[in-house]
Q: 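This is the structure I want to talk about, given as structure tokens.
Because only heavy atoms are used, hydrogens play no part in the values below, and waters and symmetry mates are left out as well, while side chains stay in.
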Amino acid sequence: MTRVLVIGGGPAGSIAATLLARNGMDVRLLERERFPRYHIGESVSPSCRTIIDYAGAHEKVEERGYPVKEGLLLRWGAERDWTVNWAATFGPEVRSWQVDRDDFDQVLLDHAASQGVEVIQQARVRRVLFEDGRACAAEWDRGLERFDHLVDASGRAGVLSAQHFRDRRPHDVFRNVAIWGYYQGGGLLPGTPGGGINVISAPEGWYWVIPLRGEVFSVGFVTHQTRFLERRPHHRSLEEMFHAVVAESPAVAGLIGRFTGPVRVEQDFSYAAGSFCGPGYRIAGDAACFLDPLLSTGVHLAMYSALLAAASITAAERGEVSEQEALGFYESLYRNAYQRLLTMVSSVYRQYRGRASYFWLAQHLVRGERSGHAFAAITAGLSDLTDATTAGGTAPMSELVAAAHDAGLRALRDVTPAGSTLAPMLMDANDLYDAATGLYLTAHPRLGISRSLTRTPR
């Protein structure tokens, strides 16, 4: 059997391991912590529900009783409230959850074990070894683990991207800090889609309000690192600072109940690795890239990359495509998803451009959709799933990559301050994906990659 090592037991690692095991691979997963463990990122997009269902874990997640999320409401800039209602736009099945990540991640990790994955917790991987340029083994607490393929889902620790290759490129325009806490009881702004998240802008950043199980509400504020550091010395504690920040927004202060704490702070520096894959390895989730949490896309990118990683490994092992084609497929689709979201978030951060401009940009990033539908499709994660599974569609991957790249440069040019060291997202469609191959993801009757019969002749 093909031996696959997965580093990390978060959503990216658990989903990748599950899908690989369900497709006949011998999978070992090494997680450095002991679950359950706290993790920020409660809001999940509908694409995740689709992938969870495909991985066979939908009933296990559904029975946890998480609030059902049908969209979001933005009170953004000078505009009136505007909503993105996935259920109303695409149908009642396009929805997701607001989750407690400690519990949610435990469910997914346990599900991976139930599908035949050998899960070892409190197992720290020290380094990955290469032979002739190919990843072949990993040193960890109990010795040396050899493998045929590696999925590095080690999160921000980044065993490969941060520690081995050291090729992460930060996006200075998103050098933000998040401060947040929890309340018992509260509410949402009028008109919010069922179980939705509220995103409320402010002169120096933006707030989130997220409903969780048991009438618990997660409330946070995101601001630039410079402003955070300027304000911090004026408060005796982080909790005092947090309460002062919340009090500055009448809208947020009017929604919350009794503060229960604790207050936490995290730097959400956005970044992307120079490469997301190479001979013998794929880098998934936060280990490959991280994006500002404005549109709640972190778990989507994690699970989407896990789906692509599993598909590309199984397809290469079965000889459906060459290894080079499988790697190109993974790199192009994953990076295109990240780039499209980066472009969208960059645009929305321009608080006073107006939703018409966001809708216009979304329409140009998702071909064949009306503007409002396009924005909803991006925030739901559905546009990425469509890209991966469209066989010989009207928007070949090379066109989408090029369009996202060009639009991204325009959007970033608008928000990048003079003298910024913002790392460019250098993407060339011909380097990332050969449209002539006509490759697309298949889920049935088994996970893999197929070649369109209508591909362009060489």
Side-chain angles (χ1 to χ4, degrees), residues 1-30 51 54-56 108 111-112 115-119 125 128-131 133-138 145-154 159-161 273 275-285 287-289 301-337 384-385 387-389 397 432-433 437 439-451:
M1 296 177 66
T2 299
R3 181 76 168 171
V4 182
L5 177 66
V6 177
I7 305 175
S14 292
I15 291 295
T18 296
L19 294 176
L20 287 163
R22 287 165 66 97
N23 281 271
M25 305 293 170
D26 180 14
V27 186
R28 170 176 279 186
L29 185 154
L30 303 179
I51 295 171
Y54 182 67
L108 295 182
H111 178 68
Q115 301 301 297
V117 177
E118 182 185 5
V119 175
V125 174
V128 176
L129 304 180
F130 288 74
E131 292 179 358
R134 182 182 183 85
C136 62
E145 176 79 11
R146 299 195 69 86
F147 51 76
D148 299 301
H149 298 277
L150 171 70
V151 177
D152 179 7
S154 55
V159 171
L160 283 177
S161 62
S275 176
F276 292 170
C277 60
Y281 69 88
R282 277 84 169 157
I283 308 176
C289 54
L301 286 172
M303 291 191 178
Y304 181 61
S305 62
L307 175 68
L308 295 177
S312 63
I313 290 172
T314 57
E317 282 296 317
R318 290 197 294 259
E320 296 171 356
V321 295
S322 68
E323 182 176 35
Q324 183 178 3
E325 287 176 319
L327 292 173
F329 180 83
Y330 179 78
E331 177 83 26
S332 63
L333 283 169
Y334 187 17
R335 192 172 292 274
N336 187 65
D384 295 323
L385 292 179
D387 288 352
T389 56
M397 180 50 55
L432 295 177
Y433 182 77
T437 63
L439 301 180
Y440 63 96
L441 183 143
T442 55
H444 301 287
R446 59 186 182 182
L447 182 65
I449 300 173
S450 292
R451 199 184 308 272

Q: Evaluate the criterion side chain to side chain contact (heavy atoms under 4.5 Å, CB included) for residue pair Leu327 and Arg282; output intermediate values, then yes/no.
A: CA-CA 8 Å; Leu327 292 173; Arg282 277 84 169 157; 3.6 Å; yes
Q: What pairs with Glu317 under side-chain hydrogen bond (donor to acceptor under 3.5 Å, both in side chains), at least two apart in sequence or on another chain?
A: Thr2, His149
Q: Nearest heavy-atom pair of Ala17 and Val117: which atoms, and what distance?
A: O-CG2, 3.4 Å
Q: Is there a donor-acceptor pair under 3.5 Å between the side chain of Ser161 and the backbone N or O of Ala288?
A: no
Q: Nearest 0.5 Å, what's the CG-CZ distance between Leu447 and Arg318?
A: 7.0 Å
Q: Counting C-beta onward and ignoring hydrogens, is there a side-chain heavy-atom pair between Val128 and Tyr281 closer than 4.5 Å?
A: no
Q: First locate atom CG of Leu19, then atom CE of Met303, and finally report the distance between them rounded to the nearest 0.5 Å.
A: 10.0 Å
Q: Quick one: side-chain hydrogen bond (donor to acceptor under 3.5 Å, both in side chains) partners of Arg446, sequence neighbours excluded?
A: none
Q: Among Val151, Val119, Asp152, find the residue that satisfies the side-chain contact (heavy atoms from CB on, under 4.5 Å) test when tested with Val6.
A: Val151
Q: With Tyr54, which residues qualify under ring pair (Phe, Tyr, Trp, His ring centres under 6.0 Å), at least two apart?
A: His444
Q: Can you give me the closest heavy-atom contact between Ile283 and Tyr334, atom names plus distance?
A: O-CE2, 3.6 Å
Q: Picking from Leu29, Ile313, Ile15, what satisfies side-chain contact (heavy atoms from CB on, under 4.5 Å) with Leu20?
A: Ile313
Q: Working to the nearest 0.5 angstrom, can you tell me the gap between Glu325 CD and Ser312 OG?
A: 12.0 Å
Q: CG/Leu129 to CD/Glu145 distance, rounded to the nearest 0.5 angstrom?
A: 11.5 Å
Q: Which value, rounded to the nearest 0.5 Å, describes the distance between Arg451 atom CZ and Thr442 atom OG1?
A: 12.0 Å
Q: Measure the CG-OG distance between Leu308 and Ser332 for me, rounded to the nearest 0.5 Å.
A: 8.5 Å
Q: Sequence neighbours excluded, which residues qualify as side-chain hydrogen bond (donor to acceptor under 3.5 Å, both in side chains) partners of Ser305?
A: none
Q: Minimum heavy-atom separation for Tyr330 and Ala284, please, with both atom names.
A: OH-CA, 3.5 Å
Q: Is the shortest heavy-atom distance from the side chain of Leu333 to the side chain of Tyr304 under 4.5 Å?
A: yes
Q: Please determine if Arg335 forms a cation-pi arrangement with Phe276, meaning its NZ or CZ atom is less than 6.0 Å from the six-membered ring centre and no more than 45° off the ring axis.
A: yes
Q: Please determine whether side chain to side chain contact (heavy atoms under 4.5 Å, CB included) holds for the pair Leu441 and Phe329, giving the CA-CA distance in whole Å, both sets of side-chain angles, and the decisive distance to 0.1 Å.
A: CA-CA 9 Å; Leu441 183 143; Phe329 180 83; 3.8 Å; yes
Q: Okay, side chain of Glu320, backbone of Ile449: is any donor-acceptor separation there less than 3.5 Å?
A: yes
Q: For residues 11-25, which residue pairs qualify under side chain to side chain donor-acceptor pair (under 3.5 Å), counting only residues two or more places apart or in two chains?
A: Arg22-Gln115
Q: Please list, chain by chain and in numerical order, all residues satisfying side-chain hydrogen bond (donor to acceptor under 3.5 Å, both in side chains) with Thr314, sequence neighbours excluded.
A: none
Q: Salt-bridged, Asp26 to Arg3, with N to O below 4.0 Å?
A: yes
Q: Closest approach of Val125 and Ala138, non-hydrogen atoms and distance?
A: CG1-CB, 4.1 Å
